[in-house]
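See structure below.
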Amino acid sequence: MPKSSTRLWGGRFAAEPAAVFLDYSQSIDTDVQMAAEDIWGSQAHVLMLGKQGILADAEVREILRCLEEARKHVESGTLELDPADEDIHMNLEKFVIRGAGAESGGKLHTARSRNDQVVTDSRLHLRNRLLDALEALSDLQQALLERAEGQERTVMPGYTHTQHAQPISVAFWLTGHAAALNRDQARLLAVFDRADACPLGSCALAGTSFPTDRRLTARLLGFARVEEHALDAVGSRDIYLEALSALAILHAHLSRMCEEFVLFSTYEFGMVELSDALTSGSSIMPQKKNPCLAELARSRTGQMYGCLIQALTMMKALISGYNRDIQEDKPPLWEALDLAQQTLGAVAAMVRTMELRTERMAELAGANFATATELANWLVSERGLPFRKCHEIVGSLVKRLIDEKRPLGDAQRVAEVLGELGVEAQASELGFLDPLRCLERQRSLGSTGPRETERMYGALARQLATHRKAAAQRRERITEARAQTAAAVQRVLRGGALAKLDL
Ligand code: ARG
């Protein structure tokens with residue numbers, strides 16, 4: 001049979017691929033990250049083909065033997081990958097064909113396409129990487145909760161519009177971030193569960209006429225279910241878009257924390273001091289201590305959003321089925337996962353080691369009329385006036401105190417001015433003008449009051465434990481499935497009959 005191209009798909013080609021084509025289109029550098037997954041996928045596939053009687057036992061054995069060899073090469077980092085073979089799938093298939101011969105090795109790709117193969121590999125890889133991200137996120141949550149513990153009565157200013165608003169506690173501030181991250185955790189777990197469906201067996205786009213068992217391969221790969229619709233399974237990447245969206249939202253949250261670290265560690269605010277080990281100096285100004293880690297994490301949010309936009313744009317207007325465009329799904333996805341992992345580590349390190357300047361926090365909380373709202377509330381409940389009226393009275397009072405350069409904590413003066421404004425009040429009644437007393441009065445559900453904050457702290461700690469457990473269970477299922485596939489492979493290699501194999 002005359003053949004003009006040495007590619008595995010060379011039959012209908014009269015020429016070798018040009019260098020410009022190969023350079024532009026090969027995906028080896030990205031694919032190496034999922035070499036182990038590709039081998040696992042092939043093992044599951046070929047075991048299924050044997051079990052279904054589509055391949056003979058001897059053929060399955062030969063293929064598995066070569067896949068084992070490839071696996072060892074991958075593990076020791078000695079697998080040679082030729083970019084001329086485009087991707088990891090072709091490289092590994094060629095490896096098997098070289099080792100098992102064209103007769104047996106050539107049957108590995110029965111009832112399979114690179115289209116279902118690649119999305120199976122990347123989902124396997126994504127599952128692991130999501131679990132890594134979840135673990136790093138849990139560690140950050142833990143760090144926030146540890147720093148929040150026992151700080152329900154440590155006052156600091158709470159802000160709206162970056163202006164002093166009302167006193168809050170340090171525990172309330174930190175658990176506020178933990179509450180947002182708790183949703184990130186739920187989002188990432190949901191993405192994991194959505195990705196936990198096996199596309200393998202969809203073949204190129206239309207399924208196959210071979211009597212395959214897709215449920216068996218899904219089980220061997222530790223997937224919770226089969227991604228059924230073949231055309232959808234090979235051509236859709238919305239799950240990766242979802243992963244990228246969840247990571248982008250997470251990074252937005254991390255950037256907000258970093259912004260606070262930058263701002264709160266300034267001389268002007270002075271409420272937080274970042275560890276010397278996590279900051280850097282100036283080459284000219286000897287006194288400087290710069291919050292570079294927080295600044296860089298803040299900045300890299302742009303890189304993260306870029307990954308999402310890149311992937312969204314890649315998917316736009318693609319017709320049904322596989323399009324080569326979607327080879328470009330993996331670089332932004334891997335990049336985003338790497339970045340999330342790094343940023344989570346950096347932010348957790350800052351949270352664990354930052355010094356909380358509680359004296360300065362208290363000073364700021366008491367300095368700028370932050371208890372004015374509570375005074376208006378007090379006038380409503382103790383003097384029976386409508387809130388809008390009380391708002392006006394306290395507004396006029398604040399204006400007077402600003403002119404007189406007196407703080408709202410000056411209960412004596414406050415009582416006098418209130419009297420002039422037509423409201424009777426004794427200084428002894430106004431203890432809540434102190435930020436801590438004010439804080440202690442807050443009692444609505446979800447408020448900064450110590451009781452509510454403590455309750456929410458407990459709920460967040462419980463949810464963190466639940467999320468950790470959910471991730472660990474998923475990790476365990478993957479490990480078990482991998483061990484079961486490996487055990488089945490060993491049984492076949494030792495001469496076990498496929499028909500008798502309990503899979
Ligand atoms: N390298 C390809 C990718 O990552 C594998 C699938 C190729 N399929 C094809 N029909 N050319 O998407």
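One-based numbering, in listed order, for ligands and for the atoms of each. Quantities reported herein were computed from a predicted structural model and do not represent experimental measurements.
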Between Gln463 and Gln141, is there a side-chain donor-acceptor contact under 3.5 Å, judged purely by atom types and distance?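 Side chains of Gln141 and Gln463: no pair found under 3.5 Å.
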
Is there a donor-acceptor contact under 3.5 Å linking the side chains of Tyr240 and Ser122? yes

Is Arg187 positioned over the aromatic face of Phe192, cation under 6.0 angstrom from the ring centre and no more than 45 degrees off axis? no

Identify, for [atom], the protein heavy atom at the shortest distance, and state residue, atom and that distance.
{"atom": "atom 10 (N) of ligand 1", "answer": "Asn115 OD1, 3.1 Å"}
{"atom": "atom 7 (C) of ligand 1", "answer": "Tyr322 OH, 3.5 Å"}
{"atom": "atom 11 (N) of ligand 1", "answer": "Arg114 NH2, 3.4 Å"}

Would you mind listing which atoms of ligand 1 come within a distance below 4.0 Å of any non-hydrogen atom of [X]?
{"X": "Asp87", "result": "1 (N), 2 (C), 5 (C)"}
{"X": "Ser27", "result": "1 (N)"}
{"X": "His89", "result": "5 (C)"}
{"X": "Lys330", "result": "3 (C), 4 (O)"}

Checking the side chain of Arg214 only, and the main-chain atoms of Leu200 only, is there a donor and an acceptor separated by less than 3.5 Å? yes

Does Arg474 pair with Asp193 as a salt bridge, N-O distance under 4.0 Å? yes

Salt bridge check: are Glu75 and Arg71 linked by an N-O gap of less than 4.0 Å?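 Counted as a salt bridge, because a side-chain N and a carboxylate O are separated by less than 4.0 Å.
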
